Amino acid sequence: MIDIQSVTKRYGGKAVVDAVSFSVPEGSIAVLVGTSGSGKTTLLRMINQLVSQDEGAILIGGEDTRGIPGHELRRRIGYAIQGHGLFPHRTVAENIATVPRLLKWERSRIDAKVAELLTLFQLDPALYADRYPHQLSGGQQQRVGVARALAAEPKILLMDEPFGALDPVLRGTAQDELLAIQKRFGTTIVIVTHDINEAFHLGDTIAVMDKGKLLQYGHPIDLLKTPATPFVEGLVGTFDRPFRLLSLGTIASVVEPGDAPGEPIGIDKTQQEALAALMWAGAQVLPVTAEDGAKLGRVRLETLLGQAIRPQ
Amino acid sequence: MLMAAIVLAATLFLPFVVVKPNRILQGQGRSLAESLAPWAGTALTLALLLVALSLIFRLPTGVKLVITMVSLAATILALGGAAHAQLPPGNSYARVSPGSGFWLLLFGLSLATIDVIARLKPSPQFRLLLLLIAAIVIGGIFASGILSEISVIKEYSNRSDAFWAEMRRHVTLALGSMCLAFVLGVPIGVLCNRVKWLRASALNTLNILQTVPSIALFGLLILPLGWIAANIPGASAIGIAGIGVAPAFVALVLYSLLPVVANTVAGLENVPREANDAARGAGMTDMQRLVSIEFPLTFPSLLAAVRIVLIQNIGMATIAALIGGGGMGVFVFQGLGQSAMDLVLLGALPTVAMSFIAAIILGALVDFSTSPGTEARSA
Ligand SMILES: Nc1ncnc2c1ncn2[C@@H]1O[C@H](COP(=O)(O)OP(=O)(O)OP(=O)(O)O)[C@@H](O)[C@H]1O
Ligand SMILES: [Mg+2]
């Protein structure tokens, strides 16, 4: 869907994005991580041509982005800017309606969409729709910024640290909402974050950048299994690697027939959560149930520990 | 304290009105107590002494406001009364003019009123309401004919047609030049914001222009405009000439350009970078971004420019009369020429009043436009 082909951007002779190539398959989430100033924002903004690259090409659905008028390209791509970037003179509802208005949607459709998004991000429309941005908290502003990026149901979504100002609980729900939306619309998402947990939670693929260079791009497991450089190894965390690995696997792959006493674990949980439940219960084995409560089998501590061993 | 002293001195020691045998000769001063009927004069003098005292003591500001406003009205009414009382019956040459005491009283009381109003920290609505009340009261006093015997008003009734014609011309000059300055200045400001190297040179040029004395600028414009009128067909048909309205208008526009351009540039610069970024990211064209994001956020700054320019132009349009541009300056310069102070006042007082009204209305509008919603919370 998004093909980035050895793209370079220089500011004052210095390459802040240096010959970066990777591609994001349709309907998947790519996460950009890296140190501050490593060029993540610049790379993201080249995808929607807010910044034009000095070398290389970016293809979207096979089409070179430079062949599309900038404003038309950007109406098709949702962009949640770093910080919130809300328009201070427009209400929350008007802010969210920005792109639908540019696309000349019907009034009723816009209103419905605004209400839907506000509710989705846990902002009561009756309370917040007519407020101005300065009457919101930082976290609320950020959610409105994300809602604005989602408003026109874009096929592609670029998000620059969209949940940085949210508390851990809200951040968790916002991430889940994003995943739900992504599933529903099959959106292709590129998201920048400093939160490595968020990267592992959301990413189908992760791109690690440092000083303008792409150090590694691949499935989260690849980053754990074969970190390309010590920098990547340090970034994914040496000491909690095994837990991260478990967080990427589902219980479905380790469940075995049989029964066990104790508090059952849901089949939709990750292996990390199963391990935590076993450790907390002091049990060797716990039952696994489906969402409707039906017994599916059991999971053993030993099996999980086997899953956390460095992959070969 | 100062205001109280002014009121006291004005009431007791200075002539309230000046009675002159005709409009040009020197007159004789009369104090407030002398100039009215004995009982009224004494009563008013005492009342004003009380007012002066009340300014020194602590009273609720609301009460003070009523006191000062009523005293202002009373002072103006007394002036009318004094004129009626002092004028020899049947003598149509004699004139009664406000004396230094009256002016000082007016000044002191106005100062006190403004001071009290400022202390009330009034909302924009309240200030507009006060203005409306003042306009109605003053308009009523004029309409009632109480002041009809005052020299300035006599000058007015002798030439009321000319007065209103020049007033119209004055307002047209001031407002018209302001409009043109915005039509030209805002695009220049936008251009300066977009093209960085242009900004310094444009602002410097306008700055230099601003320092040229107005008379000199009027003079400097006579040559090129005269040349245009003479050499470009049709130019003189639309009113372009070396002297008259054209150079006055052009000069006013030139003076207005600096505040307009500077405020446009400053306003655009204050638009949060993220807002501009988000607008581009949302797929707005440059024009859409300018109209729906940048201009609304620049509006308070533009309104401030309107205030500056309007007040500046109302004052400066007075000088237009020097080169035949008309306006209230006509009376001022005629009056100076004939050393008839009343005629000078006939031109000057309305100009001051107009500036004052413009300042209050626009000040209120500026406050409206910066109330919640338009102000950004700095991140
Ligand atoms: N318009 C610009 N002009 C000059 N230099 C720029 C410009 N934009 C970015 N840079 C530089 O490019 C480098 C990369 O910036 P970028 O914003 O892409 O970093 P980032 O990875 O997003 O950092 P952060 O995590 O802090 O947001 C930085 O050194 C920055 O100073
Ligand atoms: Mg960034």
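Computed from a predicted model, the values in this text were never measured in an experiment. Protein chains get the first letters and strands the later ones, always in sequence-line order, with residue 1 at the start of each.
Highest contact tally toward chain B, considering only A/Leu50, A/Val99, A/Leu73, is held by A/Leu50 [criterion: heavy-atom pairs under 4.5 Å].
Atom NZ of B/Lys196 has more than 12 heavy atoms from other residues, nucleotides or ligands within 6.0 Å.
Among residues 77-86 of chain A, the residues having any heavy atom closer than 4.5 Å to a heavy atom of chain B are, in sequence order, A/Ile77, A/Tyr79, A/Ile81, A/Gly85, A/Leu86. Interface residues of residues 284-294 of chain B toward chain A, defined by a heavy-atom distance below 4.5 Å and sorted by number: B/Met284, B/Thr285, B/Gln288, B/Ser292, B/Ile293. Close approach to chain A, defined as a heavy atom under 4.5 Å from one of its heavy atoms, is seen in no residue of residues 308-320 of chain B. Contacts from residues 109-129 of chain A to chain B, taken as heavy-atom pairs separated by less than 4.5 Å, involve no residues at all.
Of the two parts of A/Arg76, neither the backbone nor the side chain holds a non-hydrogen atom closer than 4.5 Å to a non-hydrogen atom of chain B. Interface remark: A/Arg131 contributes no atoms to any contact with chain B (heavy atom separation under 4.5 Å).
The nearest pair of heavy atoms linking B/Leu297 to A/Pro88 is CD2-CG, 3.6 Å. The minimum heavy-atom distance linking A/Arg75 with B/Ala282 is given by the pair CG-O, 3.7 Å. Contact between A/Arg148 and B/Ala278 at its shortest, heavy atoms only, is NH2-CB, 3.2 Å.
Not a single donor-acceptor pair under 3.5 Å links the side chain of A/Arg74 to the backbone N or O of B/Gly281.
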